[in-house]
Amino acid sequence: GFWGYDAASNKIDLSIMVSNGYVYHYIGEFTSPDKLELFDVNKASGNKFIFEFISRDEFKETTIENNKTSSRIVKRVK
């Protein structure tokens, strides 16, 4: 995958190619100092990921795909 940051628009650009050749393309922005939202550019479905940083070692990931929401907590293991 490839990450990029566009300083002019203050947005993050993420592209990931999976084994079947499909390319996931997301545009994201920080909506607050501890929240990053990524939106799927390729689909008009409204799919998105929300990352809420709880601490330096932990964040909550909320996924909205096909109008279904799921969340998980991700923690760094030292």
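What you see is a predicted model, and the numbers here were worked out from it, not measured in a lab.
With 3.5 Å as the limit, one finds no donor-acceptor pair spanning the side chains of Asp13 and Tyr26.
In this structure, Asn47 contributes its side chain and Asn66 its backbone to a donor-acceptor pair below 3.5 Å. Listed for the Asn20 side chain is a donor-acceptor partner under 3.5 Å among the backbone atoms of Tyr22.
Residue pairs satisfying the side chain to side chain donor-acceptor pair (under 3.5 Å) criterion with at least one member in residues 49-58, sequence neighbours excluded, are listed as follows: Asp57-Arg76, Asp57-Lys78.
Residue Val74 is grouped with residue Ile16 when hydrophobic side chains (ILVMFWY) are merged at heavy-atom distances under 4.5 angstrom, including chains of intermediate members. With hydrophobic clusters built from ILVMFWY side chains whose heavy atoms lie under 4.5 angstrom apart, Leu38 shares a cluster with Val18. A continuous path of ILVMFWY side-chain contacts below 4.5 Å connects Trp3 to Phe49, so both sit in one hydrophobic cluster.
Of the candidates Ile12, Val41, Leu14, Val41 is the only one forming a side chain to side chain contact (heavy atoms under 4.5 Å, CB included) with Ile27.
Heavy atoms of other residues, nucleotides or ligands lying less than 6.0 angstrom from OH of Tyr5 number more than 12.
Under the ring-ring contact (aromatic ring centres under 6.0 Å, His included) criterion, Phe51 pairs with Phe59, not counting sequence neighbours.
The distance from the OG1 atom of Thr69 to the NZ atom of Lys48 is 9.0 Å, given to the nearest 0.5 Å. Atoms CD1 and OG1, on Ile50 and Thr31 in that order, are 7.5 Å from each other to the nearest 0.5 Å.
Across every non-hydrogen atom of Lys60 and Ile73, the tightest pair is CB-CD1, 3.7 Å. Scanning all heavy atoms of the two residues, the minimum distance from Leu36 to Gly28 falls at CD1-C, 4.3 Å.
Taking 4.5 Å as the limit, every side-chain heavy atom of Asn10 sits out of range of all side-chain heavy atoms of Glu29.
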